[in-house]
Amino acid sequence: MKEIQNTENQQNVFLERMSHEIRTPMNSIIGLTYLSKENIENPKQVLENLDKIERSARFLRSFIDDILNLSLLESGRVADNKEEILLPRFLEILTEQVKKQAEEKHIQFCMEMCGILEQKYYFDGEKLKEALENILQNAVKFTPAEGKINFIAELLQDGEESGTLRFEIRDTGIGMTQEFLAHAFDAFEQEEKGGTTLYGGTGIGLTISQNIINFMGGKIDAYSTKGSGTTIVITVVLDKVKEEVPLSQKEQKKSSEMEYNFAGKRVLLVEDNEINIEITRNILVHKNFEVDVVLNGKEGVEQFLKQAPGYYDVILMDIRMPVMDGLTAAKMIRESSRSDSKTVPIIAMTANVFEEDVKKSLEAGMNAHLNKPVNIRQMYALLHKIIFE
């Protein structure tokens, strides 16, 4: 009976937090949209409101992504997407945004690599990046101005087939009591109960990090003193890539520095939602794409087949649509007798975000998978890579 009551209490806490974290930014978005309409003649006010709406929407997206990731990790419905990664470059990308955030708060951020040479490893970069990023961002959130954050990446053991890596994130922030430290990795646990307002946290970042590190076969430990700071230590074993291939200049160039221009390129947009059509078309036209739009998979197949080979440079395909879904449409295009049926790039652009959904898209013959809401810069970078590289 007591166990049932505890489970019900946990569920109530979960639903309460979910409701709060979703309704709060939604309230901002709805309220600021109303105020923007009321002040439409005041461009400065409208632009300020739009900036706030964007921040609220990004927080909402981040929170939903965290909940989905946590659910996948805890259920075991997650794949190990390993790839060859140059570790120093990985760490540079990882800390770039965190360093900016620290500087904005006047926090000293120091990164140190010990024993890590120009070595490539074979691991799931997205997952390890998320685990480390959650901890680094927590350090920034809970460290006051004039504080300090140290990020140390150390090669503990350099074996023939693998390397043992140790990542230490040490801050001079508010710290935790020893009593709370035992619950630091529990979902939605925060020692400062007003944390979502005061520090901008949701209480699941460390939980996700722990689940990721456990999934990778690693270990995560936390040490803290209230009022003095916190240290998080992660240890993982990563497989080595034996053959070293230097990165090309294209790979080294950061996508954020590129100015995209798709003049003369044509895209077939297969999407049934009117608002999504308008938004996506404008995003594409903004970078000089020529855009044709159809409303379902069946129309997408017909539109592709009636044009001359090579007419479309890329197809953006929604998955859930009436008449014919995107997976079926992609398969039909790939199985057609057209000379470009096997080579035309098809990109899924969908709210189906689980890794099993990505796998289904690739199995249907698609080249890549973009999640909605779409990261616009990421979308441009992917289109540029697929079309030009």
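Each residue takes its place number in the sequence, starting with 1. Just so you know, these numbers come straight off a predicted model, no measurement behind them.
- Checked by atom type, the side-chain pair Asn296/Asp272 shows no donor-acceptor distance below 3.5 Å.
- Atom CD of Glu126 is surrounded by 12 or fewer heavy atoms from other residues, nucleotides or ligands within 6.0 Å.
- Side chain of Ser162 to main chain of Lys240: no donor-acceptor pair is present (N/O by atom type, distance under 3.5 Å, no hydrogens or angles).
- Within 6.0 Å of atom NZ in Lys219, 12 or fewer heavy atoms from other residues, nucleotides or ligands are found, so the atom counts as exposed in its surroundings.
- In this structure, Leu269 is a member of the same hydrophobic cluster as Tyr260, with clusters built from ILVMFWY side-chain heavy atoms closer than 4.5 Å.
- Remark: Ile220 CD1 to Leu206 CG distance equals 6.5 Å, nearest 0.5 Å.
- Counting only distance, with no hydrogens or angles, the side chain of Asn27 and the backbone of Arg23 share no donor-acceptor pair below 3.5 Å.
- In terms of modelled atom types and a separation under 3.5 Å, the side chain of Asp340 and the main chain of Thr343 share no donor-acceptor contact.
- Under a cut-off of 6.0 angstrom, the local environment of NZ in Lys287 is crowded, with over 12 non-hydrogen atoms contributed by other residues, nucleotides or ligands.
- Phe123 and Phe90 have perpendicular rings, their planes meeting at more than 60° on a 0 to 90° scale where under 30° would count as parallel.
- Of the N and O atoms on the side chains of Asp292 and Tyr312, at least one donor lies less than 3.5 Å from an acceptor on the other residue.
- Atoms CG and OG1, from Leu136 and Thr95 in turn, are 8.0 Å apart once rounded to the nearest 0.5 Å.
- Note on ring orientation: taking the six-membered ring where Trp is involved, the planes of Phe262 and Tyr380 are tilted (angle from 30° to 60°).
- To the nearest 0.5 angstrom, Met216 atom CE is 8.0 Å from Lys82 atom NZ.
- The local environment of OH in Tyr34 is sparse, with at most 12 non-hydrogen atoms from other residues, nucleotides or ligands closer than 6.0 Å.
- Side-chain atoms of Asn49 and Gln45 include a donor-acceptor pair closer than 3.5 Å.
- Heavy atoms of other residues, nucleotides or ligands lying less than 6.0 angstrom from CD of Gln157 number 12 at most.
- The distance from the CD atom of Gln307 to the CZ atom of Arg338 is 8.0 Å, given to the nearest 0.5 Å.
- By the 4.5 Å heavy-atom criterion applied to side chains, Ile283 and Ile279 are counted as neighbours.
- Between the side chain of Asp158 and the backbone N or O of Gly163 there is no donor-acceptor pair closer than 3.5 Å.
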